[in-house]
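None of the values given here were measured: they were computed from a predicted structure. For the numbers below, each heavy atom of this structure counts, side chains included, while hydrogens, waters and symmetry mates do not. Order of listing sets the numbers, starting from 1, for every ligand and every atom in it.
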Amino acid sequence: MKLYDWKNGIDKNELNDIVNSLNNEGLIVFPTETVYGIGTDALNEHAVKKIYEAKGRPSDNPLIVHVSDMNMLLKCVKNISDIEQKLIDNFMPGPFTLILEKSEIIPYAVTANLNTVAIRMPSNEIANKIIKSFGKPIAAPSANISGKPSGTRIDDIKEELQNKVDFFIDGGNTDIGLESTVVKVIKNIPTILRPGAITPEDIERIAGCVNIDKHVMNEVLSNEIVESPGMKHKHYSPKTKCILIDIKDDSRRIQTINKYLDEDVCVIGKSKDKTKIKTDKFIDMGDNLAEISKNIFTLLRKADSLNCNLIIIESVEPEGIGLAIMNRLIRTCGYNVIR
Ligand code: AMP
Ligand code: MG
């Protein structure tokens with residue numbers, strides 16, 4: 001395993017090494033504007049299978065295919081509708097993934113046997129340059145062992161992935177910190193399957209309508225069919241048990257949290273609650289939603305490293321990117337929410 005530091009720019013010789021590796025079924029960890037990805041040649045079934053293995057990812061959970069431009073996108077999909085085209089024109093490149101009908105070049109290993117493929121065009125300069133230089137799409141899920149919090153900086157994931165990939169490319173902390181918004185157009189209505197930095201309001205403004213799949217904020221019951229296989233699986237979980245406190249009233253929230261506290265409990269909470277929560281294991285999640293989104297996965301890992309019996313997490317308003325934060329936190333806590 002080699003680590004390349006591109007925080008201050010892309011090194012041409014090292015880029016050649018990366019492209020050579022991808023041409024030889026290599027796995028690379030690389031930055032995007034959302035989270036780090038673990039990527040490989042999307043058109044090579046054998047390489048793609050290595051990703052599922054490296055992550056311990058269930059084989060029924062398809063991967064997102066990353067492209068550098070419209071030409072590459074058009075090779076991967078068929079039958080783009082007017083509304084899908086509008087979404088592409090407005091949100092790509094960016095933290096946005098669209099589920100489209102797949103073309104023949106995309107192997108079924110990428111889509112977990114579905115006839116649709118998830119397509120994203122990252123705006124991050126390093127991600128875009130790697131895909132463009134490789135000349136082919138890159139299949140990449142988030143860079144983490146399946147079920148764990150996603151990686152938003154190399155230091156958080158180096159240990160768990162070091163024997164499983166060929167290269168780490170360090171591009172510094174990722175900007176957004178949460179995975180892309182995943183959308184499928186169903187009966188002409190853009191439907192959010194996973195919320196992200198492109199919000200329902202953003203989509204409605206462009207498309208005139210938007211739906212949020214009910215499983216974005218609700219647990220999938222065993223007999224239910226889901227639009228996106230990822231909804232069924234365990235996600236974003238530290239090894240320590242977590243509880244989400246979703247109480248708006250300030251004094252009832254603080255009282256409830258304080259009842260749980262002992263030396264084996266840590267709290268990931270809002271800056272404004274810091275002085276009222278009586279613990280020396282308080283981890284400040286930040287003051288605004290953008291900051292919380294950027295830091296939350298690193299903070300979950302930090303809380304886990306304290307080896308407590310319990311992590312208490314404060315909820316955020318599910319507005320704007322807050323919906324995406326809450327979607328992740330509910331799963332982090334295994335739907336264990338106190339309201
Ligand atoms: P990750 O790789 O962790 O960013 O997760 C990718 C998400 O996109 C998962 O929730 C997948 O289930 C979802 N996904 C990928 N491909 C498809 C598809 N063809 N249809 C529906 N959801 C998909
Ligand atoms: Mg993931």
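- Salt bridge status for Asp273 with Lys270: absent, with no side-chain N to carboxylate O gap under 4.0 Å.
- For Arg120, no heavy-atom contact with ligand 1 is shorter than 4.0 Å.
- Heavy-atom proximity to Pro141, at under 4.0 Å, picks out these atoms of ligand 1: 2 (O).
- Around the Mg ion (ligand 2), protein atoms of type N, O or S found under 2.8 Å number 1.
- Judged by distance alone, the side chain of Lys281 and the main-chain N or O of Glu263 form a donor-acceptor pair under 3.5 Å.
- The ligand atoms of ligand 1 that sit less than 4.0 angstrom from a heavy atom of Asn61 are 9 (C), 11 (C), 12 (O).
- Salt bridge status for Arg120 with Glu33: present, with a side-chain N to carboxylate O gap under 4.0 Å.
- Judged purely by distance below 3.5 Å, without hydrogens or angles, the side chains of Asn144 and Tyr36 never pair a donor atom with an acceptor atom.
- Under 4.0 Å is where a charged nitrogen must lie from a carboxylate oxygen, and between Lys78 and Glu104 at least one such pair does.
- For Lys129 and Phe134, the positive end is not near the middle of the six-membered ring at less than 6.0 Å and at most 45° from its axis.
- Looking at Arg301 and Asp304, no side-chain N of the basic residue comes within less than 4.0 Å of a carboxylate O on the acidic one, giving no salt bridge.
- The closest approach between a heavy atom of His233 and any atom of ligand 1 is not below 4.0 Å.
- Atoms of ligand 1 lying under 4.0 Å from any heavy atom of Leu114, numbered from 1 in the order shown and given with element: 18 (C), 19 (N), 20 (N).
- In this structure, the protein non-hydrogen atom closest to atom 10 (O) of ligand 1 is Gly230 CA, 3.4 Å.
- Considering backbone and side-chain atoms together, Arg194 places an N or O closer than 3.5 Å to an N or O of ligand 1.
- Near Thr116, the atoms of ligand 1 lying under 4.0 angstrom from a non-hydrogen atom of the residue are 18 (C), 19 (N), 20 (N).
- Using a 4.0 Å cut-off between a side-chain N of Lys or Arg and a carboxylate O of Asp or Glu, Asp156 and Arg153 qualify as a salt bridge.
- Close approach of ligand 1 to Glu227 (heavy-atom distance below 4.0 Å) involves ligand atoms 21 (C).
- The protein heavy atom nearest to atom 17 (C) of ligand 1 is Pro62 CG, 3.4 Å.
- Counting only non-hydrogen atoms, the option in Ala112, Ser142, Pro229, Ala140 that gets closest to atom 3 (O) of ligand 1 is Ser142.
- Using a 4.0 Å cut-off between charged nitrogen and carboxylate oxygen, Lys272 and Asp250 count as a salt-bridge pair.
- Below 4.0 Å from some heavy atom of Ile64 lie the following atoms of ligand 1, by number and element: 4 (O), 6 (C).
- For atom 13 (C) of ligand 1, the nearest non-hydrogen atom from the set Ser180, Gly37, Ser228 comes from Ser228.
- Aromatic ring pairs are classed by plane angle as parallel below 30°, tilted from 30° to 60° and perpendicular above 60°; the pair His66 and Phe30 is perpendicular.
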Walk me through it: do Asp249 and Ser251 pass the test side-chain hydrogen bond (donor to acceptor under 3.5 Å, both in side chains)?
CA-CA 6 Å; Asp249 180 75; Ser251 67; 3.2 Å; yes

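- No donor-acceptor distance shorter than 3.5 angstrom exists from the side chain of Glu204 to the backbone of Glu201, with no hydrogens or angles considered.
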